[in-house]
Amino acid sequence: MRKSHRSGSPALFFNSRMRLGSLYTEQYRTIRSNLDILQKSTPFKSLLITSPGSGEGKSTVAMNLAVLMAKQSYRVLLIDADVVHSGIHESFSLDNHEGLIDVLEKNRTLVSLVKETSINHLSVLTRGQADPDTADWIKMERLSEMMQEASDHFDRVIVDSAPVLSNSSTPLFANVCDGTIMVTKTKVTTKESIRAASEKLVHANANFFGVILNDYPMKKRSLA
């Protein structure tokens with residue numbers, strides 16, 4: 001496992017807005033608590049975070065959930081599986097020269113390419129260098145092996161995939177993850193796209209945990 005993060009804190013939502021006692025923090029903690037409750041009846045280690053389309057906030061959700069789980073002292077691995085738009089490495093100031101693509105295409109071991117972050121208990125597998133045809137050569141057997149390796153070394157594995165409707169790799173990841181959460185956004189995500197994305201996930205035999213709605217208007221209130 002590499003210690004390749006640079007100095008400084010990642011410029012993430014939880015650093016700039018998720019202050020103690022804020023509504024933003026409590027919303028994420030509620031999601032984490034719901035997952036903790038779900039864990040009792042439906043044990044899981046790996047969780048896919050996706051969305052119907054782009055710009056709906058799935059990567060922000062994936063990163064923040066990973067951080068909050070790490071703060072529970074779980075050993076957390078965040079995997080950047082978005083072969084369309086990779087951005088997690090930038091948020092954590094990590095090198096993206098090698099990563100997921102090398103594990104799947106070149107049979108590199110996952111643990112040899114995982115990078116530690118400045119956040120205790122949180123590691124990241126960046127995407128690596130991808131091309132438009134990445135999904136065409138992903139083999140289910142190798143993907144399953146990688147997820148098993150991740151589960152062997154970490155308590156929680158959060159996978160940030162490409163949007164369901166924009167890349168054929170997402171159903172593959174949904175099939176090998178223990179659970180799937182779909183992120184939507186107010187005034188951006190349509191009912192039609194939710195329906196189409198849900199159908200794709202069902203066909204992939206995804207274990208669908210639920211939907212997170214971003215940017216829903218709420219009145220400010222005191223949480224004291």
Side-chain angles (χ1 to χ4, degrees), residues 10 12-15 17-52 56-82 88 91-92 110 114 117 119-125 144 146-164 170-186 189 194 197-198 200-202 204-216 218 223:
L12 299 180
F13 178 78
F14 56 78
N15 273 337
R17 300 182 70 179
M18 289 185 69
R19 298 183 178 90
L20 183 63
S22 74
L23 181 58
Y24 303 104
T25 306
E26 295 308 315
Q27 288 171 340
Y28 273 99
R29 284 177 174 164
T30 298
I31 296 169
R32 185 191 64 186
S33 296
N34 288 339
L35 289 172
D36 288 341
I37 294 170
L38 181 64
Q39 176 73 24
K40 296 180 180 179
S41 60
T42 310
F44 68 90
K45 269 198 169 184
S46 57
L47 187 62
L48 178 74
I49 309 296
T50 189
S51 60
E56 292 165 323
K58 64 174 182 58
S59 295
T60 299
V61 169
M63 289 187 285
N64 286 327
L65 284 179
V67 169
L68 288 178
M69 288 179 179
K71 289 182 180 297
Q72 290 178 297
S73 295
Y74 287 121
R75 296 170 300 165
V76 180
L77 175 63
L78 176 61
I79 298 178
D80 188 348
D82 191 338
I88 287 179
S91 296
F92 287 95
L110 176 140
V114 163
T117 71
I119 298 171
N120 289 338
H121 309 297
L122 177 60
S123 301
V124 170
L125 178 65
S144 297
M146 183 198 74
M147 292 304 297
Q148 183 59 57
E149 184 182 0
S151 295
D152 289 343
H153 288 86
F154 295 90
D155 302 314
R156 295 286 184 270
V157 181
I158 307 297
V159 180
D160 175 32
S161 75
V164 180
T170 302
L172 302 179
F173 284 97
N175 181 266
V176 298
C177 285
D178 297 329
T180 295
I181 291 177
M182 184 160 59
V183 178
T184 61
K185 188 174 183 178
T186 304
T189 312
I194 293 175
S198 298
K200 281 199 169 188
L201 293 173
V202 168
N205 291 320
N207 188 12
F208 194 56
F209 281 179
V211 175
I212 292 175
L213 177 61
N214 267 330
D215 283 0
Y216 186 78
M218 298 181 67
L223 293 173

* **Steps toward side-chain contact (heavy atoms from CB on, under 4.5 Å) verdict (Asn214, Val61)** => CA-CA 9 Å; Asn214 267 330; Val61 169; 4.2 Å; yes

* To do: Can you spot which of Ile158, Leu68, Val67 makes a side chain to side chain contact (heavy atoms under 4.5 Å, CB included) with Leu122?
  => Val67

* To do: Supply the atom-to-atom distance Ile31 CD1 to Asp36 CG, rounded to the nearest 0.5 angstrom.
  => 12.0 Å

* To do: Give, for atom CD of Glu56 and atom OG1 of Thr186, the distance between the pair rounded to the nearest 0.5 Å.
  => 10.5 Å

* Does the side chain of Ile119 come within less than 4.5 Å of Val76's, by heavy atoms? -> no

* Least distance between heavy atoms, Leu47 atom then Cys177 atom -> C-SG, 4.5 Å

* Taking all non-hydrogen atoms of both residues, which atom of Met182 and which atom of Ala197 are closest, and how far apart? -> SD-CB, 3.7 Å

* Asn120 side chain near Ser73 side chain, heavy-atom distance below 4.5 Å -> no

* **Least distance between heavy atoms, Arg156 atom then Phe44 atom** => NH1-O, 3.8 Å

* Walk me through it: do Asn207 and Thr42 pass the test side-chain contact (heavy atoms from CB on, under 4.5 Å)? => CA-CA 10 Å; Asn207 188 12; Thr42 310; 4.0 Å; yes

* Output, in order, the C-alpha distance, side-chain angles, deciding distance and verdict of side-chain contact (heavy atoms from CB on, under 4.5 Å) for Val159 and Met147. => CA-CA 10 Å; Val159 180; Met147 292 304 297; 4.0 Å; yes

* Interatomic distance, Leu110 atom CG to Phe154 atom CZ [nearest 0.5 angstrom] -> 6.5 Å

* Ser59 versus Asp160, closest heavy-atom pair with distance -> OG-OD2, 2.7 Å

* Asked: To the nearest 0.5 Å, how far apart are CG in Leu48 and CG in Asn175?
  -> 11.0 Å

* **Non-hydrogen side-chain atoms of Asn34 and Phe209 separated by less than 4.5 Å** => no

* Asked: Which pair of heavy atoms, one from Asp155 and one from Lys45, lies closest together, and at what distance?
  -> O-CG, 3.5 Å

* With a 4.5 Å heavy-atom cut-off, do His153 and Leu77 have their side chains touching? -> no

* Asked: When you check the gap from the basic side-chain N to the acidic O, do Asp215 and Lys185 get nearer than 4.0 Å?
  -> yes

* Structure fact -> Scanning both residues in full, the closest heavy-atom pair of Pro52 with Val183 reads CD-O, 3.4 Å

* Lys58 NZ to Met63 CE distance, which is reported to the nearest 0.5 Å -> 9.0 Å

* Out of curiosity, Ile212 CD1 to Thr30 OG1, how far, rounded to the nearest 0.5 Å? -> 11.0 Å

* Asked: Is Thr50 reaching over with its side chain to a backbone N or O of Ser161, donor-acceptor style, under 3.5 angstrom?
  -> no

